[in-house]
Amino acid sequence: MGIIQIAIVILVLLLLVKPLGTYLYQVFRNEDNRTDKWFSWAEKPIFALIGLKDRKGMTWKGYALSFVITNIILVASGYLILRLQKVLPFNPNGIDNMESTLSFNTIISFMTNTNLQHYSGESGLSYFAQMAVITMMMFTSAATGLCVAIAFIRAVTSKGTTVGNFFEDFVKAHIRVFIPAAFIIAMVLVALQVPQTLKPALSVTTMEGSEQQIAVGPVAALESIKHLGTNGGGYMGVNSSHPFENPSPLTNVIEILCMWSLGAALPYTFGLFAKSRKQGWIIFSVMMTLFIGFLSLNYAAESNGNPALNRLGIDASQGSMEGKEVRFGIAQSSLFTTVTTAATTGSVNNMHDTLTPLGGITPLSLMMLNSVFGGKGVGLMNMLMYAILAVFLAGLMVGRTPEFLGRKIEAREMKLIAIVILVHPFIILAPTALALMTDAGQAGITNAGFHGISQVLYEYTSSAANNGSGFEGLADNTLFWNITTGLVMLFGRYISMIALLAVGGSLMRKQWVPETLGTFRTDNKLFAGILLAVVLIIGALTFLPVLVLGPIAEHLTIR
Amino acid sequence: MNNTRTKVMSKEMVNQALKDSFIKLNPAFMMRNPVMFVVEAGTLVVLLMTLFPSYFGTEGSTGFNLTVFVILLFTLLFANFAEALAEGRGKAQADSLKQSKKEMTAHKVMEGGGVQSVPSTDLRKGDIVVVTQGEMIPGDGEVIAGLASVDESAITGESAPVIKEAGGDFSSVTGGTRVVSDTIKIRITSDPGESFIDRMISLVEGASRQKTPNEIALNTLLIVLTLIFLIVVVTLAPIAKYLGIELSVPVLISLLVCLIPTTIGGLLSAIGIAGMDRVTQFNVLAMSGKAVEAAGDINTMILDKTGTITFGNRMASQLIPARGETLASVAQWAAVSSLLDETPEGRSVLELLKKEGLEVDESMTAGAEFIEFKAETRMSGMDLKDGRKVRKGAVDAVKAWVLSQGGSIPPDLTPNSDAIATEGGTPLAVAVDHRIYGLIYLKDTVKPGMKERFEQLRRMGIKTIMCTGDNPLTAATIAREAGVDDFIAESKPEDKIAVIRKEQAEGKLVAMTGDGTNDAPALAQADVGLAMNSGTTAAKEAANMVDLDSDPSKIIEVVAIGKQLLMTRGALTTFSVANDVAKYFAIIPAMFAAAIPSMNVLNVMGLGSPMSAILSALIFNAIIIPLLIPLAMKGVAYKPMSSSKLLQRNVLVYGLGGVIVPFIGIKLIDMIVHLWI
């Protein structure tokens, strides 16, 4: 029964890939098309207002500078709002200003599309901050990621020097993709009983006669963009396991598809840009294979229940239900966990802290690889980076200077890619070691031993991959954790984005190499296999030792 | 080919390489190879811990540390040995070249006209020298007067002397070669230290070896992998410490050395040197490693028809009897006219007859007189004892000869001979006295095996273009026979450049061969230009490779060597990285088995003890380097096939093999090591 549920969701996703991928292609291909007719009335005044008349193409440097500066401005204004929210309007619950390191962490967390939350939304943020900072950044950070990915795609698939105009892409991403989609999904969620209100928290008297505060607010609006933009920051502290955020299995499936479908459609969009749909499907199939592999691991581990409890003779037929919602069950929880970490969303509908040790490897690994669908665009960019690496090795093995999509991969590209593949393990492993070495870090750990390592590792992996889900159980709202995870999120996002844009810029200027029989093809099964091996081996070789000390040791000792 | 130069390795060479392996331990050398430098740093740390155990508090594990140190030291020595051996082979070649570069005396022509003896090292560009029979040519130059035969075996290994003469395409001479007959006057074209031989020596010695772009890119990848594993290992210690597991430094260093790509790191420069060496052994001199690698990437190859694709001289290919005559009679008389004819055309007639299985009565020629070909008569043949005169020759000459004896011309003779001419062939008429028996169709023949080679090239994805001065019809015929993809007829030297530019504009890499001065611009424009050693100095200077045997079809082998070079790098990198999987399964359980006994589940190889597991992985890591030296030197096997098949094969052998081999290897080593610990 569980497997059928999962299969149906995957089938629906497969059906969505082509139309969504085509739509994204139409939106960003910068030639007249139907989507202009629907949206140009809204965009024209915006372009006029920001003085963007001729929308000239930018070099990769111009593009990178534009998106970084835009993000800096957003970060600065957001930070001020968080620090001053007490005196700003829409604060019916009288919530105080946010502390400075927490504000630093929160603002980076949302600008980088991570949404690691070291605060609890219902008690830490005013309605104004929720809307003007959190919800706003959920749109802008997702749009930023999508734009950079599109620019990267343009760079690797076209000739010339310009990768597009950031501001034009940024506006289009909002007007043609996120705002309409978010609006529709929000309406659907409202229809399915998700609250949407500006009224203060409800005060009710329980049957025992005590007073209880029930948090409500503009939940549906946030919920839709939270998943569409693979943000993941919940309105409530417990995120999508809260009955107001995710009331039923149906909303659960809608949320899964929301966070998954755009990321899954991008390889197809890439195929259209590359004028080789097959190439897009090959990338997609590699992602899907990895996805199903890790999903199976999680599903099997959770279904088998907790070995320690099983040994006590407790009925394990339900699987390991600790930390899961009864209304979702194993299948819906397992799928949600896999999708939210694959797509680097970071919303949770069950507590990852209570996953069985083996089941916990799934979210960790997906975030470590950070290329299985991935967040808005970043996953595709990372996968294409792995593809370039795979091409490099495979190209050498057929005795040619390696080529990808008709461009030679040479020292400059390798150096830039070197930065990207080096940064990811560094910002995960170095702070993990630091946290485990220092008192400040150890203070946050609530479970000693192997599980403690998993907690710390999860926190930094989630930050580095801009996922944002927490293993929870970590007392992480401290100076140490706020600063370190803040920096990890920052480096995790921008270094790889800028370096990969530079790779694109460098490939773009190259002379195209015509395809011959001697060219090694990147749109067949053989390449898919090699790509899969490269992703797994680079990932496995890097993170295996620490996984052995965390979840694997935990599993082996409770068996 | 010079066999003394192809010897793989001698005892001396190995001894020298062994010595060099130690000299190369100097960190200043090691710095150039970051992967091995990390190993060296680790070795040093372990050495210190072995020497001063009390300082480091490692008294309990001195024996283990010493063992680790010894294995690490051998890892370094093995890698150095690989490089030294490759360099040694180059040096051996250089030494044989240096012998021809001995100090010699040159006879320099002074401005006044007198001749003065000077040491050859004093010669400068533009000086003129006279070289007579038995003397060595003192430097690279161009013949400006005279004609002489020159023994170039010192350079080419070919013992038959070649003719050098002033003007034309055979005017360039190489220093160190010997004049066998006559006297020539030579203008020196290179300063001391820059001559052909000097360049060749520095190239094969590896002294002027620069890293190619591909090597730089691969090196970047290797450095990144090294850094990643450095991060992994350095962070592992504090993470394990949190669990109360103390990992000793030598164990961590062992893990690091096993994980970083030492196999390819240790063999990378050997592969590069050996690649150049293979080209040189092939008697092709590449001006840089970059040129060899570029050869592997070639998309289009431009080849001259004459000399490269065809023999260049015309061969009999068909006999056409005139109306009313039989094939047998034409064959008979053609044979008679050619039996004593030593020209290639004459011999080709006899070969054709043999091939076609036509019987010839040779008794007829007994006592006959051979009439040689003369420019005036344009005929050759035989005057038989019975008085009959047999002739073969240019059709109009034979016609005139027959008519002058009162004979008649068969009506189909002229149309047939015209047809042969339009197809680009040469017709020869065969006549006895006043009777014309038929025609011999002479045509330019494609060298045997060329068709297969072009087929191979096509499978490798390389397009071939034939250039010829012939008319389009002839060109088309030869092109079809040879199986080239395209041709340019009536081509002028400018056409070649135009074609090269056009192909390059499409992003293709173009290779061409040439020897004449008028080929020089095209040779320079091409990405890979292979000049013939017999060619002019201008051609050689413009090209980035020179073929010492002057065999233009060698460009095909050069392409294969270029591909092989890249493939060897790719295969060994893949192998090296794939090895890490097994090494993890050996070392990780061993590291933690003491503290976490259940970790032993991961010990899938069933290795004897934690210590023997670590040492076995380390020993495997070390000995795989010398085991792979032959592969690095020879290059991985390459057969022309489509890239997909090639990739499939190499992924299977070096990727999957790279995963499986160390599992077996480490297990075997462990079975021995475990006898002690």
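Per chain, numbering begins at 1; letters A, B, ... match sequence-line order. All values below come from the heavy atoms of this structure, side chains included, with hydrogens, waters and symmetry mates left out.
Ranked by non-hydrogen atom pairs under 4.5 Å with chain B, the options A/K408, A/M414, A/R412, A/E403 are led by A/M414. Of the listed residues (A/G449, A/G406, A/A394), the greatest number of heavy-atom pairs within a distance under 4.5 Å of chain B belongs to A/G449. Chain A forms the most heavy-atom pairs under 4.5 Å with one residue out of B/A217, B/G570, B/G296, B/G562, and that residue is B/A217.
Of the atoms belonging to B/I596, it is side-chain heavy atoms, and not backbone ones, that fall under 4.5 Å from chain A. Contacts of B/A505 with chain A are made by backbone atoms alone, with heavy-atom separations under 4.5 Å and no side-chain atom involved. In this structure, chain A has a heavy atom under 4.5 Å from the side chain of B/N299, while its backbone stays farther away. Of the two parts of A/I428, neither the backbone nor the side chain holds a non-hydrogen atom closer than 4.5 Å to a non-hydrogen atom of chain B. Heavy atoms of B/K241 lying under 4.5 Å from chain A are absent altogether. Only the side chain of B/F229 has a heavy atom closer than 4.5 Å to any heavy atom of chain A. For A/F543, no part lies near chain B; criterion is any non-hydrogen pair under 4.5 Å. Using a 4.5 Å cut-off between heavy atoms, B/I587 does not touch chain A at all. Proximity to chain B (any heavy atom under 4.5 Å) is shown, for A/L457, by neither the backbone nor the side chain.
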**Q.** B/L221/A/L393 under side-chain contact (heavy atoms from CB on, under 4.5 Å): CA gap, chis, key distance, verdict
**A.** CA-CA 10 Å; B/L221 181 66; A/L393 284 178; 4.2 Å; yes
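Annotation: residues 503-512 of chain A contacts chain B through A/Q511, A/W512 [non-hydrogen atoms, separation under 4.5 Å]. Near-neighbour residues of residues 534-541 of chain A relative to chain B, defined by a heavy atom under 4.5 Å from a heavy atom of that chain, comprise A/I537, A/I538, A/A540, A/L541. At a heavy-atom cut-off of under 4.5 Å, chain B is reached by A/V548, A/L549, A/I552, A/A553, A/L556 from residues 548-556 of chain A, listed in order of number.
With sequence neighbours excluded, the residues satisfying side-chain hydrogen bond (donor to acceptor under 3.5 Å, both in side chains) with B/D485 are B/R458, B/T464.
Annotation: side chain of B/L566 is not in contact with side chain of A/V398 (no heavy-atom distance under 4.5 Å). In this structure, B/T574 and A/M397 have side chains that are in contact, with non-hydrogen atoms separated by less than 4.5 Å.
Counting only distance, with no hydrogens or angles, the side chain of B/D297 and the backbone of A/R400 share no donor-acceptor pair below 3.5 Å.
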